[in-house]
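Along the sequence shown, residues are numbered consecutively beginning with 1. Start at 1 and go down the list; that is how both ligands and their atoms are numbered. Worth saying up front: this structure is predicted, and the values here are computed from it rather than measured.
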Amino acid sequence: MKIFKLLLAVLGWVLSSRARADYTLNLTEGVTKLSHDVHDLHMLILWICVGIGILVYSLLIYSIIHHRKSKGVVPAQFHENTKLEILWTVIPFLILLSMAIPATKVMIEIYNSDTMPGPTDLTVKVTGYQWKWRYEYLGEGIDFFSNLDAKSNEARQLGANIDPAKVDNYLLNVDNPLVIPVNKKIRFLFTGADVIHSWWVPDFGWKKDTIPGFITDGWVKVEKPGIYRGQCTELCGRDHAFMPIVVIAKPEAEYQQWLAEQKSKGEAATAQAKAEAVKTFTKDELIAKGQEVYNANCASCHQPNGEGIPGAFPAITNSPVVNGPIEEHARLVLKGKGQLMPPFEAVLKPAEIAAVVTYQRNALGNSKGDLIQPAELPAQN
Ligand SMILES: [Cu+2]
């Protein structure tokens, strides 16, 4: 019996020290009702498994010690014992049933928004792009992209001067986080723009695939203000690891303030884009603006120096398109090509397209010498 006492002592120590420490190996409890229910289900199943484990291993160890051959024990023979066979069928069946019922309840809760009382306060459409997220606040006129933050992006490059270990929330930070109010019922609609991505914030208790041509949905009611981080969790191509998710949950008043700021910012940006669409820029202005646009939108595939990646992404340097007719070049950027090059008319403003086209023709090893104004772009339809 000494061995049992020892085992119990070890188990007790492990459990108590783990309970005291901020133990992070376990599933997160999260900040929504659903995440609590998922966590509770996980703990219930875990403890059932622990119980079964203790029972089975106790019997096993007891038998090894007390029924060992050296003691002269002769094995019992009980073939075709009906009682025993019924017993070892019924008991596991009941155990499985006791797991299946709560598990089904949580599954229904995940898929049925009616389990979350009250009307929807806000609907956010989430679109997965290679390799960023787009958030549209339906009915609010707010629509923006969320990219990996500049510091992480710089530190992840080969030969970067920044040490990733010194970047706060390395690869888990974005330029424009999703901001939502706490204690409000928020509905997410998910879709993909190119390939399948998956939107996952562990603290919310679920993840949803974003599939091109389909709309899936998910619901949250976040209980406490905070910053919640997640990642794309469906392998979606080369930069899959570089499209994190940051959700900031704010108290209602602060959220309203953020909303108002975003709206006025959005109006200013729209007015600016409208003015720039008909403005005549100098060549230097276009090249300077185009360089920024190129680094933010084109460099991840065509490379910062324009060399591309042989076999995957064509070079900009000495490219026949870039050195061909300027309208064709602009049309390719506007409309995209195949699966990999997205239509940038959906992402960039006319002035940005004109700038990046002009930049490509006059930099990155090209010296075509011409330029295009936003108003001269091919008709966008
Ligand atoms: Cu992805």
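Remark: Arg331 does not engage Glu345 in a salt bridge, criterion side-chain N to carboxylate O under 4.0 Å.
Taking the Cu ion (ligand 1) as reference, His197 places its N/O/S atom ND1 nearest.
In this structure, CD1 in Ile245 is found 5.0 Å from OH in Tyr135, a value given to the nearest 0.5 Å. Expressed to the nearest 0.5 Å, how far CD1 of Ile142 lies from NZ of Lys265 amounts to 10.0 Å.
Residue Gln130 does not count as close to the Cu ion (ligand 1), with no N, O or S atom under 2.8 Å. Taking backbone and side chain together, His240 holds no N, O or S atom under 2.8 Å from the Cu ion (ligand 1).
Centred on the Cu ion (ligand 1), the SG atom of Cys236 and the SG atom of Cys232 lie at an angle of 120°, reported to 10°.
Under the side chain to side chain contact (heavy atoms under 4.5 Å, CB included) criterion, Lys207 pairs with Ser198, Trp200, Thr233, sequence neighbours left out.
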